[in-house]
Amino acid sequence: MNIDKTKCIGCANCVPICPMGAIYIADDGLSEINQETCVECYTCYRGMSTENLLQQPTRFLRGLLAFFKLRFQPDPDICPSGAITADELTWPRILRRAFSDPQAPHESTGIGGRGTQEVKTNELTGRVKEGETGFTVEFGRPGVGVYFKEVDKVSQALAKMSVEFQPENPLTALMFNVKTGELREDVLNEKVMSCILEFKTDIAKMPDILNTIEDEIRQLDTVVALGVSVRCDSNGDDAVRDQLTSMGYDAWRAKINIGLGKHTNPAPAGEEKVS
Amino acid sequence: MTNTLHRFGKPDELKDDYIAFTLVCPGKNDIGSIERARDFLKIALKYNPVNFAAESRHGPVFRPEKNLNLFRLYLRGRKEIVSPELVMDEMEPPAHAVVVFSKKQALEEFLKEIKEIDLGLSVNVSSLVEDFKEIAQRIGISPHSINYSLGFRGNLYRLPEQQVLALTTMCGHGLIASSFAKKMIDRVKERRLAPEKAARYMAKLCVCGAFNTSRAERILHEARMSKSKA
């Protein structure tokens with residue numbers, strides 16, 4: 001992301017809009033973006049309304065108003081001159097956008113957002129089966145961001161516990177060795193808004209896994225949103241909530257799949273349709 | 001598409017926040033899914049959702065205006081919300097849809113009707129577990145799978161104050177900056193901005209439409225009245 005200095009009027013509206021705090025007013029009185037801090041989430045570029053005011057007349061007017069102790073103050077969501085521009089991204093920086101802009105689909109899974117369906121389509125995918133627990137460790141959330149090198153430490157520690165990383169997940173796609181949980185070296189210094197490490201284990205291992213996650217993330221300079229998923233039984237009950245509560249977790253809020261999904265696509269020729 | 005799990009707040013502060021959404025599973029039920037997702041949205045409209053979105057590069061009902069000029073700003077006025085019909089028309093594959101309700105009763109009536117039609121898409125509800133169980137028992141549905149939020153861990157010193165967090169976590173993708181939420185709270189406190197208007201400014205940044213404008217208005221109003229509740 002960048003600021004077109006021939007358009008910016010220095011109103012500073014974009015400064016608080018940036019979720020990573022990457023935008024600031026430089027010595028020339030115009031906005032600038034710290035490229036190391038920016039995660040290419042496109043919030044400033046896409047989320048701000050735009051006017052097409054001309055830079056020089058607007059800056060003159062601002063100066064004039066300031067002389068009379070008056071203030072030029074556009075609505076807080078407007079970039080008055082449409083000065084924010086999107087750069088052409090190359091590898092590995094392009095990963096920043098893939099993981100930070102929900103409207104950019106992940107090439108590894110074809111899914112937007114954080115690129116994974118977790119148990120949201122579990123009635124069709126069977127991703128987490130009875131007797132298993134799914135985990136979502138979401139790094140950088142809320143609003144802090146994370147470098148892949150920090151994720152790498154946790155993924156390696158979890159791999160030692162023989163967890164099964166979810167193959168249909170963009171973070172797993174960045175591992176050069178899924179057995180060891182090691183991420184590709186060329187991506188470690190890239191920063192993203194958030195990313196989800198997704199894996200599953202036997203349900204009996206849940207307490208040990210949660211303790212390991214807690215130990216590992218205590219050493220990170222970021223925040224993590226933790227989620228545990230499970231397949232319910234035929235009564236709609238599950239085997240983990242009581243256990244989570246006894247371990248001190250507040251499992252009072254959840255995302256609940258009510259199981260209405262069906263195979264509706266026509267079966268390919270020669271195959272029987274599954275319903 | 002969804003980013004609704006980890007909304008910050010104690011249970012009694014999440015009693016006006018109910019999200020329902022559909023998801024398509026590529027290769028299994030994506031053919032003809034746009035029409036079915038539209039049916040989901042049409043039914044939701046009967047129950048007055050506070051936010052409403054379909055998979056599209058254009059965003060939910062609350063969206064930025066890209067061609068403002070003096071006429072539009074000062075004579076016509078801002079047009080910060082588009083019609084739900086336009087959102088449905090713009091839907092693109094994969095046909096995901098999300099609606100946010102501020103009342104439990106609305107979610108219940110909505111799910112009751114969704115259950116009766118053969119939607120064929122995965123439907124998820126993001127809410128307090130006890131509230132969902134109460135509804136499920138009354139209308140005869142049961143969860144297939146459940147994903148519990150265990151809250152935030154790590155270096156929590158990097159998180160902002162509670163009221164800011166309650167606002168920003170309503171966009172789980174993190175597109176609402178803490179600094180912008182703080183700016184909105186301050187402007188509402190200074191009576192330079194109405195809570196409704198501030199909530200809409202924030203909603204426009206959440207491209208998935210999961211932001212609950214009604215809850216945001218309540219939080220902003222409470223901030224103005226100097227209550228510390230999130």
Side-chain angles (χ1 to χ4, degrees), chain A residues 16-19 21 41 43 47-51 76-77 102-103 110 112-113 117-125 128 141-144 193-194 214 217 220-232 236 238 244 249-265, chain B residues 1-7 11 14 23 25-31 57 64-66 68-69 119-126 128-129 132 136 141-156 158-159 165 168-169 172-175 177-180 183 201 204-205 207-208:
Chain A
I17 288 280
C18 176
C41 66
T43 300
M48 297 190 81
S49 297
T50 52
E51 266 183 280
D77 66 325
Q103 291 201 322
Q117 293 199 331
E118 303 146 21
V119 291
K120 291 176 281 192
T121 53
N122 202 33
E123 73 272 47
L124 295 168
T125 60
V128 176
R141 176 181 186 172
V144 173
M193 180 91 83
S194 67
E214 295 277 6
I217 59 184
L220 304 182
D221 187 28
T222 187
V223 286
V224 165
L226 202 52
V228 161
S229 56
V230 67
R231 168 81 165 90
C232 301
D238 69 75
L244 289 170
Y249 290 104
D250 300 322
W252 59 53
R253 202 173 185 290
K255 200 155 53 180
I256 302 150
N257 178 347
I258 60 176
L260 299 182
K262 287 181 181 171
H263 289 257
T264 54
N265 285 3
Chain B
M1 174 76 191
T2 64
N3 54 352
T4 60
L5 181 58
H6 303 285
R7 287 154 103 98
L14 293 162
L23 273 183
C25 191
K28 297 202 164 86
N29 59 0
D30 50 335
I31 297 174
R57 79 195 83 133
E65 298 160 273
K66 288 297 182 186
L68 288 169
N69 52 38
L119 197 66
L121 304 177
S122 296
V123 174
N124 288 247
V125 173
S126 189
L128 291 169
V129 179
F132 175 81
I141 56 172
S142 66
H144 176 280
S145 304
I146 187 160
N147 187 358
Y148 289 106
S149 167
L150 306 187
F152 306 122
R153 297 286 187 278
N155 187 357
L156 301 181
R158 296 192 67 179
L159 293 180
L165 207 50
T168 57
T169 55
H173 288 125
L175 302 186
S178 303
S179 45
F180 191 65
K183 181 174 175 177
Y201 284 144
K204 285 190 276 187
L205 299 170
V207 291
C208 294

Sub-3.5 Å donor-acceptor pair from the side chain of A:Arg253 to the main-chain atoms of B:Leu5, do we have one? yes
Verify, without hydrogens or angle tests, whether A:Lys120 (side chain) and B:Val123 (backbone) share a donor-acceptor contact under 3.5 angstrom. no
Is the shortest heavy-atom distance from the side chain of B:Arg158 to the side chain of A:Asp221 under 4.5 Å? yes
Show your working on side chain to side chain contact (heavy atoms under 4.5 Å, CB included) between A:Leu260 and B:Leu121 and close with a plain yes or no. CA-CA 6 Å; A:Leu260 299 182; B:Leu121 304 177; over 6 Å; no
Without swapping roles, check the side chain of A:Asn265 against the backbone of B:Ile31 for a donor-acceptor pair under 3.5 Å. yes
Where does A:Leu244 contact chain B at under 4.5 Å (heavy atoms): side chain, backbone, both or neither? side chain
In short, B:Lys66 meets A:Gly47 closest at the heavy-atom pair NZ-N, 4.5 Å
Less than 4.5 Å apart, any side-chain heavy atom of B:Cys25 and any of A:Gln117? yes
For the residue pair B:Arg153 and A:Glu214, establish whether any side-chain heavy-atom pair is separated by less than 4.5 Å. yes
Side chain, backbone, both or neither: which part of B:Thr168 has a non-hydrogen atom closer than 4.5 Å to chain A? neither
Select one option (side chain, backbone, both, neither) describing which atoms of B:Lys183 are under 4.5 Å from chain A's heavy atoms. side chain
B:Tyr148 and A:Ala254: which non-hydrogen atoms are nearest, and at how many Å? CD2-CB, 3.9 Å
Applying salt bridge (charged side-chain N to carboxylate O under 4.0 Å, His left out), can you list everything that pairs with A:Glu51, at least two apart in sequence or on another chain? none
